[in-house]
Structures are given as C-alpha cells and as structure tokens.
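Residue numbers start from 1 in every chain, and the chains themselves are labelled A, B, ... in the order their sequence lines are given, proteins ahead of strands.
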Amino acid sequence: MINKLVFANLMHRPIRSLLGIVAIGVVVCMMLTLVGLSRGMLGASAARAVGVGADIVVRPPGTSLMALSTAPLNEKLVDFLKSQPGIRLSVGQVVFPIGGIDTITGIPLAPFDEMSGGFTYISGHTIQNPDDILVDEYYARQKKLKVGDTLNLINHDWKVAGIIGGGKLARVVVDIKRLQELTGNEQRISQVFLKVQQGTDVDATITQLKEKLPTYPIYSMKEVVSFFAVENVPGLGPFVNVIIGIAVLVGFLVVFLSMYTAVLERTREIGILKSLGASPTLILRIILRESVILSLCGAVAGILLSFASRWAIDIFVPASLTQVLVPDWWPIAAGVSLLGALLGTLYPALRAAKQDPIEALSYE
Amino acid sequence: MNSEPLISVRDLRKIHYAGEVEVHALRGVSLDVHRGDFLTIIGPSGSGKSTLFNILGGLMKPTSGTVHIAGKDIMKMTDSDRTNLRKTTVGFVFQKYNLLPILSAEENITIARTIAGLPPVPPKEFQRILELLGIAHRLSHKPRALSGGEQQRVAIARALVNQPEILLADEPTGNLDTENSAVVLNLLKQLNEELGQTVLMITHNPEAAMFGHRTVTMRDGSVTESSD
C-alpha cells in the first residue's frame, strides 16, 4: 500500500515527475557521454596509431605523446633512423591542425603503404597528384564528400581522390611534400614511425636509439596504445571529475526543487497520514522512496539518452567525435544521480517528517 | 455505565503563545467519557473544543492537567506513544473529510491498516460497518468522484477500520447539506447504538448535538454546562 501511495503521488503530478526524470536523465547522459567520448576518441586514436603498422614512434624533444607539435623535426632524421641497426622502414609524418581537434596528415605514400599494408579504398584511388587528398569514411560522411569533390583546407583547394576505410593513421591524408610546402615546413616533420626487421627485439632497439638520441621521446607502439587512456591525458581526469561534481549538484538541485514543492503541495496529506498514526520515519521513507524512484528512472532515461547521443554523434559529427557505450559506468552514473537525489530529498523529507499534524491539517 | 471511564480529563489547561501574548485555550476542563458513550461537545468558535479534540486525539500536548485514555496517561506519553494512540485507540473524522485524493475510497480505508502495521484486509466485523455506511459499491472511486456525504462516510470507515475504542469527530457535518448531515449523524448514532462504538463529537450545531447521549457545552476554554 505504501508503494502504491508512492507511485500514486508520482503519477498524480506526471509532468513534474517526468521533468524530474528527464532532468536527472540529462545529467546521467552528460556523464555517460563525456566518459564515452573520452574513451571513444582515445580508442579511435589508438586504433589509428596501431593501423600504421609501425613498431616504434620517435617524437620531437620536449613533447609528450598527447601533444600536437606541428613539425619541429628535421626530415633528415628519417634517413638517420632507417640506417640504424634492426630498422627496416622509417616513415616521417607531418600533422597540421585544421580547426578544433581535426588535423591534416602528410605522408610519403609508398613507404607508408609498405609499412601499413596500404589504405583500404571504399571509393576512388590513391594520391596521384600533389593536390589529391584522401579522407576516411567518417570524415566524408560528416562533410558530405565524394570522390572528385573539392575540399578547401589550410586555404588550399584539394581534390578528393579517394575515400578510405577508417582506423588507419588519420582521417585526412595528403602528400607530405605538398603539406610541408603549404604550411612552411619544408624538410620538417612532426614525428617518425619505425618498423623493425623481423625477429628484432623492439625494446632493445628503443634502448639503442635512446642512447643515440637521448633527448628524443621514443616509444614502442604498445606504449603508445597504453597512453591513449583518460588518466594519461593531462586535465581529462579532473575534467571528468568536475562534470561528475556538477552532475551531483544538478541532481541535488533538481530533486530538491521537485521534492520541496511536492512536500509543500502535500502538506495536508502528510497531516492526514500523521492523524492516522504515521510516524515521522514512515513519512521520511515515503518521500525518500519517491526520490529513489525518480533518480532510478532518471538513470535509466540517462542511459537511453546516451544511446541517442551516440547515434546523433555518429550521424552528424562522426569524424570529429567518437562516442562508445560505457556499461561499466552505468552503475556509477546511477549511483551519482541517486546520491544527488538523496541529498536533495533530505531537507524536504525531514521537514515533512517533522511537520506538526495540526498545522498540516489546516494547510490550504 | 462502567465505573472506569474510557476518557478521564481533569483540570486540563492549554496555553498557546501568539507572539508574546498568552492565549488560554483550555482553562481547567474536567470530564469523563465511558465506553459506549456518545458525547457531544458544543460551543462557539474559540471556546476550546477543537483544542480539547486535538489533545484527546494525541495531536497536541496539554500544558497541564491529567488526561487518561484507555487507562494511559497522555501527559506521560512520548511522541511515539501518541503516534501509537492514533494508530490503535483513536479514529478521527474531520469536517473536511481529509481523504487522500490520489487513492481510491478503498485504499483510503486500507492505508489506515497499513500504517497501523495490520494486514490490509479488514476483519469480517468491518463488513457490518460498511453495510451501515452504505458505501460498499463506491469503494473503487477516487474521492473527487464521490459526493460530500459519501466522502464523509468513507472517512468514518477509515476511522473505524482499525477498530479504535474511541471515534473522535470534529464538526463531521460542517461541510454537508441538511440531508447528508442527517445521514452522517444517524450513522454515528447507529454505530454507537448497534456496535457500541464510543463517539465523541464536536459541533457548533445544537440540533446535531442532540444525537448524542450527553452534551457538554464549552465557552472560553471551560465547560459551562453538562446535560444528559
């Protein structure tokens, strides 16, 4: 009967209950989307790095793996590295920002194809002219591009030569020489990918390289992949925590407002229950149960909304953002919304429990 | 009458404070109510009858005096004891019915049993009360679908579903027309005469007061007259 009363109370003001659930759902969705984006984008970057087929990455001195550093390295480094014992292939790469978190990547196509096994062409062909550009399927979908279209990037018109499968190197690829010219980085590169000869020990090779290039950060691809985690991106972990804090606060405010008005509206009903012998504990339990139901429904709504946000991202900005579903975070997000809801309910519930029955019964 | 009164009130006083002003709501009220009594308390607004009603129902603490209900001293009761008194010993009927609008008539009745920690299905004897009240066919309706008279009859059923020793009715016909008032008053009389239910009814209507065995008149916080 008490559960029936709780549900009846929630159903009695359906719009208010629905708004409460949606507001909590948005908060939960915000958390899940943020974590999903963090993991998705880092995961996609890791997958593209693995897709290169390299064993080792050599970065410019003083940079971290996560930093974008245009092209500070001398291109001669590519040949130097190739001449080192145990190295089979050495490929330089230029990465240049084109707005937001998007970049354009320049590579020498022949050695890159040898290292990676080449791109998979969904349509079109490889780079045949200096102004040809390759875009991956996600970028093409987001920008509505097809083979033969013109794409203006870094104030230059490129001709879309091919649309490639995602998950290898980058979303936008051009000839390295053309990109170096256009960005004023002649004979300069951003980083170097190395492939070792068959049977060569990667870690031993890295140790040898570090002896010769002591100021250069040199990583194995295993390390590179492990770096693509939330805790390794400067500021991302605290950012996620800030969002969770905001989620608790918003959940608290939403439920506080909802339950405060609910308790105020039901002052007389609380008086009636007290006149029937309802104890303060029972009144407290009724109000808390309502907020638990609100927050759990909100958590379910938030989880469903995170599917919707992933769908929307995949439709509208598949190249810029990648969101994955994070089921391991569902209970955490539900817990956070429940915490906010319980904190928000505490004052209204205590107020209801302490209400004087005579005053409550005379409330109009 | 039994020698041991069900309700025994002696020199009951209640002082409210309106800011710094003392308001003497009850000034030494004494009365006895025996099992099976139908006592009506009549008096004008501000005479203290509602304060007496609230104290007898365990909704308010008196300032001084003694009140024994079913042998228990209300002055010595904790908040929890008074909550239990409302669950088990006293049933309330209010002027404004005070039904929960979100529940059906039946649920409004059974929630009193849930609160008291009893099984939701009332005992067989309760069927007789429902028959007397004539609301068995209206139990599935929400209060807004019931007439004032029907709502008050549901409220009486709710007050009696836990078989309390005392039925406290505060102006039970105050919101009803003449016809429904007569129905409710006759029902209270029937419940008293046929089932032996002790009834204590507050009213300002002298005609309603005549339905009781005894009438106590209050004025300015004191009992001024008691008549059989």
Side-chain angles (χ1 to χ4, degrees), chain A residues 1-18 20 258-259 261-291 293-294 349-364, chain B residues 14 16 25 50-51 53-55 57-61 78-104 106-121 142-144 154-155 158-162 164 168-170:
Chain A
M1 179 52 74
I2 294 301
N3 284 337
K4 195 163 190 176
L5 179 67
V6 168
F7 277 106
N9 278 329
L10 289 170
M11 297 306 290
H12 189 59
R13 295 272 184 277
I15 299 294
R16 191 188 57 208
S17 300
L18 194 66
S258 177
M259 297 313 290
T261 52
V263 166
L264 207 62
E265 273 176 14
R266 297 211 298 271
T267 300
R268 193 178 182 85
E269 290 166 37
I270 290 162
I272 295 168
L273 291 172
K274 287 199 160 186
S275 76
L276 295 173
S279 63
T281 316
L282 180 62
I283 303 289
L284 201 68
R285 264 172 35 212
I286 290 171
I287 308 284
L288 285 177
R289 261 187 229 187
E290 271 188 50
S291 74
I293 290 170
L294 272 183
L350 285 172
R351 186 187 149 104
K354 285 180 181 171
Q355 230 161 41
D356 178 66
I358 298 169
E359 279 178 24
L361 284 168
S362 60
Y363 185 83
E364 296 295 342
Chain B
K14 177 68 186 179
H16 298 298
S50 288
T51 304
F53 173 93
N54 289 332
I55 290 172
L59 293 170
M60 184 188 280
K61 263 186 167 178
T78 61
D79 285 347
S80 173
D81 292 335
R82 283 200 301 278
T83 298
N84 278 328
L85 180 84
R86 297 196 294 272
K87 274 185 205 170
T88 57
T89 313
V90 177
F92 292 97
V93 176
F94 300 96
Q95 180 179 348
K96 291 180 180 171
Y97 328 128
N98 282 342
L99 299 177
L100 295 168
I102 50 177
L103 299 181
S104 68
E106 186 174 17
E107 289 162 348
N108 262 287
I109 295 166
T110 52
I111 196 164
R113 291 186 65 77
T114 306
I115 288 171
L118 298 169
V121 181
K142 292 268 174 70
R144 65 172 178 275
V154 173
R158 180 182 63 186
L160 296 175
V161 73
N162 292 338
L168 288 177
D170 185 5

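Contact of the A:Glu269 side chain with the B:Pro101 side chain is registered, since non-hydrogen atoms from C-beta on lie closer than 4.5 Å.
With a 4.5 Å cut-off on non-hydrogen atoms, B:Leu99 touches chain A through its backbone but not through its side chain. Both the backbone and the side chain of B:Ile111 come within contact range of chain A, each with at least one heavy atom under 4.5 Å from a heavy atom of that chain. At a 4.5 Å heavy-atom cutoff, the contact between B:Arg158 and chain A is made by side-chain atoms alone.
For the residue pair B:Leu59 and A:Ser275, the shortest heavy atom distance occurs at CD2-CA, 4.2 Å. Residues B:Ile115 and A:Leu276 share a closest heavy-atom pair of CG2-O, 3.6 Å.
In this structure a side-chain-to-backbone donor-acceptor pair under 3.5 Å is present from B:Arg86 to A:Lys274.
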Open item on the list: Assess the residue pair A:Leu5 and B:Thr114 against the criterion (side-chain contact (heavy atoms from CB on, under 4.5 Å)); give the C-alpha distance rounded to whole Å, side-chain angles, the decisive distance to 0.1 Å, and a yes or no.
Closed with: CA-CA 11 Å; A:Leu5 179 67; B:Thr114 306; over 6 Å; no
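Take A:Arg16 and apply the side-chain hydrogen bond (donor to acceptor under 3.5 Å, both in side chains) test, not counting sequence neighbours, and it matches A:Glu265.
Considering CD1 of A:Ile272 and CG of B:Leu103, their distance stands at 10.0 Å, rounded to 0.5 Å. Rounding to the nearest 0.5 angstrom, the gap separating the CG atom in B:Asn84 from the OG atom in A:Ser279 is 9.0 Å. A distance of 10.0 Å separates CG of B:Asp170 from CG of A:Leu361, quoted to the nearest 0.5 Å.
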